[in-house]
Amino acid sequence: DAKERGKNQLRFYHDERGSERYERFSLVNDLRRALEHDELKVYFQPQIDTRSGSVMGAEALLRWQHKELGMISPAKFIPLAEEQGLIIPIGEWVLREACKQGKILHDQGFYVRMGVNVAGQQIMHESLLSSVQRVISETGIDPKLVDLEVTESFLLRQPEITIPKLHKFRQMGMSLSMDDFGTGYSSLSYLKKLPLNTLKIDQSFVCDIGNDPEGEAIVKAIIVLAKSLGLGVLAEGVETTEQLAYLRAHGCHLIQGYYFSRPLPVEAFVDFVANQAVDVSAD
Ligand code: C2E
Ligand code: MG
Ligand code: MG
Ligand code: MG
């Protein structure tokens, strides 16, 4: 409340050496209030199946419109939210928003899978399973429309905890994507132990298409690897016609990136879906 804030501000002015530390502390407090004050939004970035030109899915991406500081990137505040344990309520909120939207679209006849990022903290937390179960049943979404995006780095820190959870999600009907694939530092042998559906090729490799033969080789290898393991493969961060053409030529047909659309506020996203057929002629 205002009194609390005033007290904090007072300390801010008196604590010269600690001002930077305070700024961070202040951001944590703001983040705590952001949810209640409606400053967090979920944007949706379409994922296109270039074989049909349709929107097969969307990734839910968190946005924070801070009252004084303007838009703050998730790359900056998600790590903070993780540190502070705030990722637990925020993560559940994002999942709920995404599931609500997926259900609304489904009711309108559009079958669009919702990709939701799951932070390391969340997957380690004991509440994740019950939280996901609750959101699924409260929103009434078909679990087949929910795709949880996980990253390799944390899955393997405590695989005896994380892997059974992943199996649980699959049993519930959800699908699983490995986000930022190729940027972690784990060995490939774990891949066959994880009940994944899709590998997401990280945009740092997609960027290399047309620029760096070694990066291109990695893109090709990931596509082959996914197919050999019976997994789907989706490329993220696709911006150019050249990247699109290369990916398609090598058998990667699921595309997410500015080439088709930036992440959109929900109304614009719904319009995008309603106007389905996307021009996929990469020439
Ligand atoms: P990510 O999950 O790998 O998401 C993809 C990022 O690439 C998004 O950045 C997206 O806006 C951006 N992107 C998509 N297409 C293009 C493109 O063509 N060009 C370029 N340059 N960028 C593109 P964003 O939204 O800033 O999110 C950054 C990261 O923050 C995400 O990476 C994810 O790790 C994390 N994040 C975002 N929302 C959430 C969330 O709700 N929960 C959790 N745990 N993490 C989130
Ligand atoms: Mg992601
Ligand atoms: Mg990614
Ligand atoms: Mg990324």
Side-chain angles (χ1 to χ4, degrees), residues 31 34-35 39-48 55 57-65 70-101 113-125 128 131-132 135 146-155 175-184 196-211 219 222 233-244 246-247 254-266 268-269 272:
L31 185 54
L35 246 183
E39 289 178 16
L40 296 182
K41 297 272 178 293
V42 177
Y43 276 39
F44 296 91
Q45 186 174 35
Q47 299 170 330
I48 308 301
V55 183
E59 179 171 7
L61 293 160
L62 199 48
R63 294 290 176 266
W64 183 11
Q65 185 67 48
M71 197 68 106
I72 302 178
S73 157
K76 184 165 178 185
F77 72 84
I78 300 250
L80 201 62
E82 285 212 64
E83 254 175 63
Q84 301 295 321
L86 287 170
I87 196 67
I88 303 299
I90 291 175
E92 177 169 329
W93 179 78
V94 173
L95 179 67
R96 179 172 281 109
E97 293 301 302
C99 290
K100 273 190 210 161
Q101 205 46 57
R113 218 179 51 186
M114 292 287 151
V116 179
N117 293 285
V118 179
Q121 273 260 319
Q122 282 175 279
I123 201 126
M124 293 308 298
H125 202 270
L128 184 68
S131 156
V132 170
V135 171
V146 179
D147 183 65
L148 301 178
E149 294 193 5
V150 297
T151 53
E152 39 188 322
S153 45
F154 64 79
L155 283 181
S175 60
L176 297 171
S177 291
M178 178 64 84
D179 203 357
D180 306 336
F181 184 71
T183 62
L196 295 169
N197 300 83
T198 307
L199 300 183
K200 290 190 81 173
I201 307 176
D202 191 66
Q203 65 182 59
S204 60
F205 302 122
V206 172
C207 275
D208 286 338
I209 294 171
N211 300 317
V219 169
I222 294 175
V233 60
L234 181 149
E236 60 182 345
V238 177
E239 294 184 354
T240 69
T241 309
E242 187 183 8
Q243 291 164 352
L244 178 64
Y246 183 93
L247 289 158
L254 305 181
I255 303 290
Q256 176 184 344
Y258 296 172
Y259 182 85
F260 287 118
S261 174
R262 292 186 173 252
L264 299 169
V266 64
F269 169 67
F272 192 98

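Each ligand, and each atom within it, is numbered from 1 in the order the structure gives.
- Within ligand 1, the atoms closer than 4.0 Å to a non-hydrogen atom of Asp180 are 3 (O), numbered from 1 in the order shown.
- For residue Asn117, an N/O/S atom approaches the Mg ion (ligand 2) to within less than 2.8 Å.
- Ligand 1 lies within reach of Arg63, whose nearest heavy atom is under 4.0 Å from it.
- The Mg ion (ligand 3) is closest to atom OD1 of Asp179 (considering only N, O or S atoms).
- Using a 4.5 Å heavy-atom threshold, the side chains of Tyr43 and Val266 count as separate.
- Residues Phe181 and Lys200 form no side-chain contact, since every pair of their non-hydrogen atoms from C-beta on lies 4.5 Å or further apart.
- Taking each of Asp179, Val206, Leu95 in turn, the one with a heavy atom nearest to atom 2 (O) of ligand 1 proves to be Asp179.
- Of the heavy atoms in Pro263, only side-chain atoms (C-beta onward) come closer than 4.0 Å to ligand 1.
- Considering backbone and side-chain N/O of Leu62, one or more are found under 3.5 Å from N/O of ligand 1.
- When all heavy atoms of Phe205 and Val219 are compared, the pair lying nearest together is O-CG2, 3.5 Å.
- Heavy atoms of Val42 found under 4.0 angstrom from ligand 1: none, in either backbone or side chain.
- Two residues are said to be in side-chain contact when any heavy atoms from C-beta on lie closer than 4.5 Å; Ile90 and Leu31 meet this criterion.
- For Glu92, the salt bridge (Lys or Arg N to Asp or Glu O under 4.0 Å) criterion is met by Arg96, Arg134, not counting sequence neighbours.
- Because the distance cut-off is set at 2.8 Å, Glu149 qualifies as a neighbour of the Mg ion (ligand 2) through one of its N, O or S atoms.
- Checked against Ser177 for a side-chain contact (heavy atoms from CB on, under 4.5 Å), the options Thr198, Leu234, Leu196, Val118 give a single hit: Thr198.
- The nearest non-hydrogen atom to atom 23 (C) of ligand 1, considering only Glu97, Gln203, Lys76, comes from Gln203.
- When all heavy atoms of Gly182 and Glu152 are compared, the closest pair comes out as N-OE2, 3.1 Å.
- Under 2.8 Å from the Mg ion (ligand 2) lies no N/O/S atom of Asp180, from backbone or side chain alike.
- Counting heavy atoms closer than 4.0 Å to ligand 1, residue Glu59 contributes side-chain atoms (C-beta onward) but none from N, CA, C or O.
- The Gly257 neighbourhood of ligand 1 comprises atoms 15 (N), 18 (O), with distances under 4.0 Å to a heavy atom of that residue.
- Geometrically, ligand 1 and Tyr259 share no nitrogen or oxygen pair separated by less than 3.5 Å.
- At a threshold of 4.5 Å between non-hydrogen side-chain atoms, the residues Val146 and Leu148 count as touching.
- Ring-plane geometry between Phe269 and Phe44 is classed as parallel, the angle between the planes falling under 30 degrees on a 0 to 90 degree scale with a further cut at 60.
- Listed by atom number, the atoms of ligand 1 under 4.0 Å from Glu239 heavy atoms are 17 (C), 18 (O), 19 (N), 20 (C), 21 (N).
- For the pair Asn117 and ligand 1, the shortest N or O to N or O distance falls below 3.5 Å.
- Residue Val238 has at least one heavy-atom neighbour below 4.0 Å for each of these atoms of ligand 1: 18 (O).
- If you take CG on Asp180 and CG on Asp202, they are separated by 4.5 Å, rounding to the nearest 0.5 Å.
- Close contacts between ligand 1 and Ala119 involve ligand atoms 44 (N) [criterion: under 4.0 Å to a heavy atom].
- You'll find the side chain of Ile88 reaches within 4.5 Å of the side chain of Gln122, heavy atoms only.
- Nearest to the Mg ion (ligand 3), among the N, O or S atoms that Glu236 has, is OE2.
- Between Arg113 and Glu59 there is no salt bridge, since no side-chain N of the basic residue sits under 4.0 Å from a carboxylate O of the acidic one.
- Contact detail for Val206 and Ala235: the closest heavy-atom pair is CG2-CB, 4.1 Å.
- Neither the backbone nor the side chain of Gln256 comes within contact range of ligand 1; no heavy atom lies under 4.0 Å.
- Remark: ligand 1 and Ser73 share no N or O pair separated by less than 3.5 Å (distance only, no angle test).
- Closest approach of Leu254 to Val233, counting heavy atoms only: CB-O, 3.7 Å.
- The atom of Glu59 nearest to the Mg ion (ligand 2) is OE2, with the search restricted to N, O or S atoms.
- Residue contact annotation: Gln45 has a non-hydrogen atom under 4.0 Å from ligand 1.
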